[in-house]
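Below, chains carry the letters A, B, ... as their sequence lines are ordered, and counting in each starts from 1.
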Amino acid sequence: MPGHAAQAVAPGTPAGQVLKAVEALGGNGDAPAVAAKLNGALIDLNRSVQAGGTLEPVLASSDEGREILRHTAAHVMAQAVKELFPKAKLAIGPAIADGFYYDFDVDRPFTPEDLEKIEAAMAKVVAANYPLVREEVPRAEALRLFEGLNEPYKVELVRDLPEGATISLYRQGDYVDLCAGPHLTSTGKVKAYKLLSGAGAYWRGDEKNPMLQRIYGTAFESKELLEDHLFKLEEAKRRDHRRLGKDLDLFSIHEEAGTGLIFWHPKGALVREIIENFWRQEHRRRGYDIVYSPHIARVELWKISGHWDWYKENMYSPMAVDEQEFMLKPMNCPFHIMMYKDQLRSYRDLPLRWGELGTVYRYERSGVLHGLLRVRGFTQDDAHIFCRPDQLSDEIMGVLDLCKFMMQSFGYKDYEVHLSVRDPLNKQKYAGTEDVWQAAEAALVAAMDAHQMSYVVDEGEAKFYGPAIDIKVKDALGRGWQGPTIQADFNLPERFGMTYIGEDGKEHRPVMIHRTVLGSMERFFGGLIEHYAGAFPVWLAPVQVRIMPITDGQLPYCQEVAEKFCAAGLRAEVDKRNEKIGFKIREAQLQKIPYMLVVGNREMESGQVAVRSREKGDEGAAAVEDVLRRVQEEAAARR
RNA sequence: GCUCACGUAGCUCAGUCGGUAGAGCGCGUCCUUGGUAAGGACGAGGUCACCAGUUCAAUCCUGGUCGUGAGCUCCA
């Protein structure tokens with residue numbers, strides 16, 4: 001074991017005992033080992049160790065450990081389902097990011113009452129504490145077994161296993177499943193679990209296949225962690241941007257106008273304006289120029305760009321204008337290329353960095369639309385950088401730096417960097433030649449290396465025209481969101497025949513970088529609402545200060561105070577309604593206004609206001625000027 | 001797009017085993033001028049998503065359409 005002296009044990013000793021022997025187990029009762037790793041390969045604790053090697057415990061609290069216990073929980077659930085619904089056919093039941101699921105072929109969907117019954121049946125399986133027994137069998141035997149059990153999906157899975165693969169079964173009581181493992185050693189070790197929801201899901205994710213019924217659940221190594229997780233789910237519901245969008249009067253969507261189209265109400269529009277102004281200012285500072293381009297263009301343009309061939313299913317049908325066909329733009333890039341080509345470019349002109357808050361329209365299947373996060377019309381914070389090949393790496397670094405700065409400004413602290421590359425098995429899905437793709441990929445990698453950024457490679461995640469750096473940001477609840485994306489593109493410059501005149505007086509091909517930092521104003525705003533739970537920091541808050549008189553007698557004074565704040569560039573308003581102060585405070589608090597200033601006769605006479613902050617509550621009286629300065633400083637610091 | 005569920009006042013939701021509807025909040029008017037999270041009274045407001053069908057009669061039953069939600073798949 002790492003960090004321990006070599007131990008000699010008899011061949012055939014179970015892994016768990018070996019671990020115990022070196023006292024790695026039981027040291028931390030909250031996080032006992034759920035499995036082991038022998039020379040890096042995961043094995044069950046009760047599997048015997050036949051030969052020497054490095055043996056490490058896999059703790060329940062580790063990602064791998066949770067995956068194992070969730071996987072076992074999925075088996076427990078499947079056993080419970082089989083008891084209640086003997087005709088249910090098993091499909092697959094893996095562990096996923098925050099839990100597990102299992103797909104079943106049954107004649108009707110599971111109801112919430114079914115889930116309760118299944119959960120109760122799971123408790124019995126857990127109480128019975130069946131040992132999970134691993135068994136390795138030849139393919140023919142596995143086929144015979146699952147055919148005999150009338151489990152057609154399992155049969156299909158066995159058939160599809162590659163030649164020479166180890167086929168293992170796990171049994172618990174009278175339940176048997178095809179599974180690579182590892183698993184907990186007995187069902188009694190599944191301590192804290194909860195079934196969450198049922199939903200339809202296609203066999204193997206393909207809509208041509210039969211629809212199965214999926215049950216989602218989650219499991220943790222302790223009740224406390226499960227409770228925490230369930231609380232987080234509640235919290236996520238409480239923060240839902242669709243709910244907050246309504247409560248805070250930020251945006252709406254209208255059936256009459258069409259689904260997936262966003263109406264930005266004054267308060268939402270104000271937040272957007274602040275974000276956009278900040279965005280423009282920061283881009284100018286970093287050497288970007290800002291441009292505008294049309295919303296429609298002739299079909300010919302989309303044929304040159306390749307969108308017509310590669311992106312058609314996401315574009316709206318052409319509309320006839322005179323004798324021409326025009327299309328609503330799904331992307332801004334061809335327009336920026338038009339502008340590039342409007343004159344002869346010299347190597348001295350490059351790089352050109354052109355940003356646009358460009359509104360695009362994409363057809364999305366109705367089932368995927370979701371609040372602000374998935375819509376049919378949206379404004380991208382798009383930019384295209386045209387540069388020489390030798391500038392590519394530096395430009396990407398510049399973009400990475402900008403991304404970091406923007407994410408920080410909006411309070412996103414953690415992020416993960418992904419390199420999205422082609423699906424190696426399906427290369428014909430992508431435009432452009434092999435060497436062009438490789439060059440683009442190399443440029444992205446070089447920039448990330450220069451930035452000493454660690455990243456994970458996602459195969460098959462690339463767009464049709466080039467590999468990308470995709471940054472996933474984590475919000476206040478630890479949930480991942482699609483953040484900035486950066487793509488190197490050698491393909492469009494080629495298609496459009498873009499050139500610049502080099503030092504040598506000859507024509508050269510520029511490289512193009514597509515990048516977006518926020519993604520789209522819609523999606524970014526949706527994420528931001530949830531990240532801040534609607535309580536925007538002062539610099540973003542649509543109303544920063546609400547001044548509330550105790551009685552009508554202080555109204556004129558309140559108005560004066562409000563004018564002072566407004567004159568200082570702050571967003572302040574007076575609650576003139578004939579209501580008691582408690583009521584006004586409640587409303588302001590529910591509207592998540594950062595500063596509430598209460599004014600009674602005491603404050604009016606002393607030229608003060610009583611400060612009540614959204615976070616801390618009543619903070620006592622202070623001079624108007626002091627409060628004004630405080631709010632101003634907070635806004636300027638973007639805290 | 002597909003599967004399932006849902007669609008009743010601006011919002012959250014009751015209700016009608018088929019006889020055209022109700023609460024709370026919000027909104028309006030009035031009373032109240034009250035010191036840190038809901039003062040009171042009165043009032044207005046609904047083609048029960050839309051279109052067909054069954055029925056003496058449909059908000060309720062049936063079918064379709066649109067929309068919403070949870071997923072599948074996809075993505076900024």
Select one nucleotide: of B/C27, B/G69, B/G71, the one nearest the side-chain heavy atoms of A/R577. B/C27
Testing B/C2, B/G34, B/A70 for proximity to the side chain of A/M211, the answer is B/C2
Nearest listed nucleotide, side chain of A/K463, among B/U36, B/U3, B/C75: B/C75
Please find out if less than 6.0 Å separates the ring center of A/Y102 from that of A/F104. yes
Where the side chain of A/Q589 is defined as all heavy atoms beyond and including C-beta, which of B/U33, B/A37, B/G35 is the nearest nucleotide? B/A37
Of the nucleotides B/A37, B/C72, B/A70, which has the atom closest to the A/Y216 side chain? B/C72
A/K237 vs A/E234, salt bridge (Lys or Arg N to Asp or Glu O under 4.0 Å): CA-CA, chis, key distance, verdict: CA-CA 5 Å; A/K237 234 184 254 171; A/E234 285 302 310; 3.7 Å; yes
What's the closest nucleotide to the A/R586 side chain, out of B/G35, B/A37, B/A76? B/A37
Value in whole Å for how far the P atom of B/C66 lies from CD of A/E255: 10 Å
Assess the side chains of A/D381 and A/T516: does a donor N or O sit below 3.5 Å from an acceptor N or O? yes
With respect to the side chain of A/E364, which nucleotide from B/G39, B/G35, B/A76 is positioned closest? B/A76
Among B/A37, B/G71, B/G1, the one nearest any side-chain atom of A/Y363 is B/G1
To the nearest Å, give me how far apart NZ (A/K246) and C1' (B/C25) are. 13 Å
Sticking with atom C1', work out how far B/U12 lies from B/C6, rounded to a whole angstrom. 15 Å
By nearest atom, which of the nucleotides B/C74, B/G26, B/A37 is closest to the A/F583 side chain? B/G26
What distance, rounded to whole Å, do you find between the two P atoms, one in B/U47 and one in B/C31? 33 Å
Polar contact flag, side-chain donor to acceptor under 3.5 angstrom, A/H418-A/E461: no
From B/C72, B/A76, B/A70, pick the nucleotide closest to the side chain of A/V368? B/C72
